[in-house]
Visitor: 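Supplied in structure tokens, the structure appears directly below.
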Amino acid sequence: MTAIPPNPPADEYPPYDPATVERTWAARWKERGTHKTDLTGAKDPFYALMMFPYPSAEGLHVGNLFAFTGNDIYGRFHRQKGHDVFEPLGYDAFGIHSENFALKVGVHPMELIPRNIQNFRRQLDRAGLMVDWSQSVDTTDPSYYKWTQWVFLQLFKRGLAYRKEAAVNWCPSCKTVLANEQVEHGHCERCGTLVELRDLTQWFFRISGHAPRLLANLDTLDWSESTKQAQRNWIGKSDGAELVFSVSDTQADAGSATVAVTEEYAIAEDRIRVFTTRPDTIFGATYLVLAPEHPLVDAITTAEQRVVVEAYRERTRKQDLVTRKTTKEKTGVSTGAYAVNPATEQLVPVWIADYVLMDYGTGAIMAVPGHDERDFAFAMQFDLPITRVVVRDGEHAHHPISVEPVLDTTLGRLCNSGRFDGLTVDEGKRTITDWLAARGTARPVTQYRLHDWCISRQRYWGPQIPIIHCAACGPVPVPEQDLPVILPNIPDFKPDDSGISPLARHAEWYHVACPACGAAARRETDVSDTFLDSAWYFLRYPSAHHAAAPFDPALTKTWLPVTSYIGGNEHAVLHLLYARFITMVLKDAGHLDFEEPFTRFRAHGMIIREGAKMSKSKGNVINPDVYFEEWGADAFRTYLMFLGPYEEGGDFRDRGISGVKRFLDRIWGSVHECTVEGTPDDAVMRKLHQTIKKVGEDIPALAYNTAIAAMMEYVNVMRTGERAVHRAEVEPLVQLVASFAPHLGEACWETLGHTASVFDSGWPAFDPKRLVADTWECVVQVNGKLRGKVTLAVGATQAAAMTAALADATIAKFVTGEPKKVIFVPGRLLNIVA
RNA sequence: GCCCGGAUGGCGGAACCGGCAGACGCAGGGGACUCAAAAUCCCCCGAGGGCAACCUCUUGUGGGUUCGAUUCCCACUCCGGGCACCA
């Protein structure tokens, strides 16, 4: 055992005290304007965007901090790499969430929100983010929502904003309409209340028309695959055909259909259009089913049947999903009407059932019970004919009725399909669609699941939809020069069950002259969805002080589209889809010259705590203030980045921070103790060059946890025992660690004698020649099993390796006789196969 | 049901393009320094066997390809996320 030299005198330099260091540097950054970006003079603009927070009363969530820190490191790194980095942040402060909280605590949102923002700002300042606060946005500021209203008008002008009476999602607790995206499994995303359908006149954005572009562009974007996949699922493309069945007024005598045709029919429309992805199975379509809300239903049902149908409609309105999803049993009613299958020209009965949905396709389906699970269950229930029209190769082709539907027909061939027998499914789809199209009873159709975006909210806390309703002129846009429509400060902002915004109660605001004809008119009282506020905020940051337009053309050209966007995947189908849509529309309107706002997007993971999701009820919510206080922002930031892969998140454990704090302590110590005497150690310098390379590769890949591990490894090598650290060994390390622990980075950089910011010091270069030693350790395997190691010179031949290996007795004893085969991978291993 | 991820020590997690499984950190054990404690520094730390040199087993399960598999292929189990009576 070697003697351990005594500890160096600890009082020769100040100990690492995060509170002092962080206070000092926060003040200096402010003083020196370190975080201000030269927006007009930037040569190499790099827009590092993070999703702006909703300033809740609870204060900054550790999830926010995790997200922002990851973005901050990315931004600081690119600044060191020589880019002009712009890292803005603002507040998404409108919306139901804020309003509900204001109602709960009985404080007006106009009072509450500025208070919350102030608290957020205090916490954000403590976190050491490189945010340029001179370019912030607050969605509730009239200078911001003026332009949100302007965006609405751009859509209105292009016919992309329209009003219609529709069954919309109504949350009886929040007392407002919700977008489809805000309904989760039939429940309100915010409060969990069962959502009802209500018929109301609402404003919609025609996003569905953009579905093909929104889908196709995804292939060109550098985004997290999971996010792109979520958008693809949500847009929901299906290729198929629309087929036409004519309704027959002839009494049918078709085999198993026993329902008599009543005399009451007054058929308004004599054709039923259905959408199918399987036109090849048309010969197996033995009945039709209409959704209860289908416009033809009333015309072909008796009063008696309508009672049943009404019950189905009621169930749909109430979103009775428990009944709908747990019972496999199908409910339906026969109408007694018949339609003509365009392929077989047979009469098929028309049914009404609530397993067919009005808001997808045409609200009517052709049922192919031989090959669809739901149709099969329905046919069994009501004794409807089942025909098999696809058969797998080698199977019997003529089952009269199959006992079970044949679902996987991807490899099959058509049967019972007249002259199309023997075609594959894919051939059948094409050939049959063409054949029917020639007869005028089919056309190829692509369906999308994406619905138009309902943007009206019957609430108070949002930007007014800038429309004036005039009896003579209809809905008239508020002239652009009259924007913004200012949100009045009213005390009674609580919504009621009427479905009308509280603002309607304020006559002085509500009544207004029509901008077109001057007649008495009334203001639109709905506000727009919060997601409209956030659908364009990234366009505003560079132009935050621009009064004449929402975004300055020159600045927009310099800074957009966004270089890098980092945020949570919970916004994969809400915010991220809407932002793409709005950008596309603004491009089409000539206001932008790009149509995709975010060149690169990465979804970060989620932080859980001790294996469980953080929640107030579990009491395991992290208050960042406590950790800032106890460990310092730098250690807290670094720990958040260390606890798992950034894109996956990780498990927060209080005790884990101590390791990171120790790591920062050791850097502090090395910087203060380092010497310029002597020369740096070769092996240490080799490790340093390897570390520079590794960290420089890991940060752009968001592999922060392994970047930190690599720096820790280096510190272990550099500071082993009590060896004297050379200045050249530690100086580049300060540059590497600075983006993780920015206050410490600056302080150490200053200690090393620099006067400018470490973030303007560049990124250290590594020398490829210094990455490798002149010998390497060769792993020796015998029959694939590790049996030993030998040290070889770089460039050693296989023969030299063999000689060295066989000289080792432990290895040699496993080699019996002449080897059959030898695998030698220079730099890696030698495998002797006996 | 369909589409994405994922499963590795007591714990969080590493592992380039198929080449030493368990880097880094936490927790744990031992030691140095100290009157003592903290801090700091050093050593050990997947399981089993052996006095030891060493040996055997081990990356959710079962197969396969390969000189060699955490990594590739096939089948399956479980967990997380998206979509879902979507025709």
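Each chain gets a letter, A, B and so on, in the order its sequence line appears, and its residues count up from 1.
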Visitor: Nucleotide by nucleotide, 5' to 3', does protein get under 4.0 Å of the base (B), only the sugar-phosphate (S), or neither (-) in nucleotides 49-57 of chain B, counting heavy atoms?
Guide: ------SSS

Visitor: Grab the CH2-C1' distance between W234(A) and C2(B) for me, whole Å please.
Guide: 16 Å

Visitor: Any side-chain N or O of R653(A) less than 4.0 Å from the OP1 or OP2 oxygen of A27(B)?
Guide: no

Visitor: Could you summarise the pairing of RNA chain B as dot-bracket text, marking Watson-Crick and G-U pairs under 3.5 Å with ( ) or [ ] inside the strand and | across strands?
Guide: (((((((..(((......[....))).(((((.......))))).((((....))))..(((((..]....))))))))))))....

Visitor: Choose from C85(B), C83(B), A15(B) the nucleotide whose nearest atom is closest to any side-chain atom of D354(A).
Guide: C85(B)

Visitor: By nearest atom, which of the nucleotides A87(B), A23(B), A27(B) is closest to the S658(A) side chain?
Guide: A27(B)

Visitor: If you only use heavy atoms from C-beta on, which nucleotide in G12(B), G19(B), A14(B) is closest to the side chain of D651(A)?
Guide: G12(B)

Visitor: Between the base of C67(B) and the side chain of N831(A), is there any donor-acceptor pair under 3.5 Å?
Guide: yes

Visitor: Under 4.0 Å from OP1 or OP2 of A14(B): is there any side-chain N or O of N705(A) that close?
Guide: yes

Visitor: Any idea which of C20(B), A87(B), A14(B) is nearest the V779(A) side chain?
Guide: C20(B)

Visitor: If you look at every strand shown and take non-hydrogen atoms under 4.0 Å, does L829(A) touch a base, only sugar-phosphate, or nothing?
Guide: base

Visitor: Would you classify Q781(A) as touching base, sugar-phosphate or nothing, given that sugar-phosphate means primed atoms plus P, OP1 and OP2, and contacts are heavy atoms under 4.0 Å?
Guide: base

Visitor: From C24(B), A87(B), C83(B), pick the nucleotide closest to the side chain of M712(A)?
Guide: C24(B)

Visitor: Closest to the R655(A) side chain: G19(B), A87(B), A27(B)?
Guide: A27(B)

Visitor: Verify the contact: side-chain N or O of K789(A) to OP1 or OP2 of C20(B), cut-off strictly under 4.0 Å; return yes or no.
Guide: no

Visitor: Between G12(B), G13(B), A27(B), which one does the side chain of L643(A) approach most closely?
Guide: G12(B)

Visitor: Output yes when R609(A) and D654(A) qualify as a salt bridge under the 4.0 Å nitrogen-oxygen rule, no when they do not.
Guide: yes

Visitor: To the side chain of N716(A), which of A87(B), A14(B), G25(B) is closest?
Guide: G25(B)

Visitor: Choosing from C4(B), G25(B), G19(B), which nucleotide comes nearest the side chain of F642(A)?
Guide: G25(B)

Visitor: Tell me which nucleotide among C41(B), C3(B), C16(B) gets nearest to the side chain of R666(A).
Guide: C41(B)

Visitor: Just how far, in rounded Å, is P of A38(B) from NZ of K661(A)?
Guide: 17 Å

